[in-house]
Amino acid sequence: MSPVIRNALVRASRQSATTALGYRAASTHAISNPTLANIEKRWEGMPMQEQAELWMALRDRMKENWADMTVQEKKAAYWVAFGPHGPRALDPPGEGKKVALYTAIGLGASLLLFATVRSFAKPPPSTMTKEWQEATNEFLKNQNSDPLTGLSSEGYSGKGHVQSPSSKA
């Protein structure tokens, strides 16, 4: 079968499938005003099933011409879609203070834990003294360790392994 015929058949089958299914019958009548009245205050208290039904009715109305929608339907649809409810709800009063307090408590507890662990820690090892580290530098120079870029290289001006203050201080 040639690609031209196959493409024509595919296009024709798509068109017939969409016309055979037709369009979903959306509600053509306006939603009653008492249903939409004061929706901002009633939304949180409505059962989930009722919320879903109202949203589906509004969604069906929005699929048609928006000029046919009432102002109350437009406002309700906007509020349900973008209003401050559910995950977009405003924080309760005092939420910032509570977060700051718990953050301070957590920080204080971590500092206390750090100080406790630090007070019971052993002293640093003997290899962490400046004298030991200078002796390590001399040993590595005598061994000609890393002659290209390290301690044994020409013109090396770094500290080598010295990283601690003198133990005699």
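- Under the side chain to side chain donor-acceptor pair (under 3.5 Å) criterion, E95 pairs with no residue, sequence neighbours left out.
- Judged by distance alone, the side chain of E73 and the main-chain N or O of R61 form no donor-acceptor pair under 3.5 Å.
- Within the 3.5 Å criterion, the main-chain N or O of M128 finds a donor-acceptor partner in the side chain of S164.
- Every residue meeting the side chain to side chain contact (heavy atoms under 4.5 Å, CB included) condition with K141, not counting sequence neighbours, appears here in chain and number order: E138, L151.
- Atom NZ of K74 is separated from atom CE of M62 by 12.0 Å, given to the nearest 0.5 angstrom.
- Residue L101 shares its hydrophobic cluster (ILVMFWY side chains chained together at separations under 4.5 Å) with Y102, I105.
- When the side chain to side chain contact (heavy atoms under 4.5 Å, CB included) test is applied to T127, the partners found at least two apart in sequence or on another chain are P125, W132.
- Relative ring orientation between W79 and W43 is described as perpendicular, the plane-to-plane angle rising above 60° on a 0-90° scale split at 30° and 60°.
- Looking at R59, its side chain never comes within 3.5 Å of a backbone N or O of A77 through a donor-acceptor pair.
- Panel note: side chain D146, backbone S153; no donor-acceptor pair is recorded below 3.5 Å.
- Using a 4.5 Å heavy-atom threshold, the side chains of I39 and M46 count as touching.
- Between the side chain of R88 and the main chain of G83, a donor-acceptor pair closer than 3.5 Å is present.
- For the pair K130 and E134, the minimum side-chain heavy-atom distance is below 4.5 Å.
- Within the 3.5 Å criterion, the main-chain N or O of V80 finds a donor-acceptor partner in the side chain of H85.
- Residues passing the ring pair (Phe, Tyr, Trp, His ring centres under 6.0 Å) test with F82 are Y78, sequence neighbours excluded.
- Residues N137 and K159 form no side-chain contact, since every pair of their non-hydrogen atoms from C-beta on lies 4.5 Å or further apart.
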* Can you list the steps and then say if E40 with N38 is a side-chain contact (heavy atoms from CB on, under 4.5 Å)? -> CA-CA 5 Å; E40 299 87 7; N38 218 0; 4.3 Å; yes

Only distances under 3.5 Å count here; give the side-chain donor-acceptor pairs of residues 112-120 to other protein atoms, sequence neighbours excluded, each with its distance to 0.1 Å.
residue	atom	partner	partner atom	Å
T116	OG1	L112	O	2.8
S119	OG	A115	O	3.4
S119	OG	T116	O	2.8

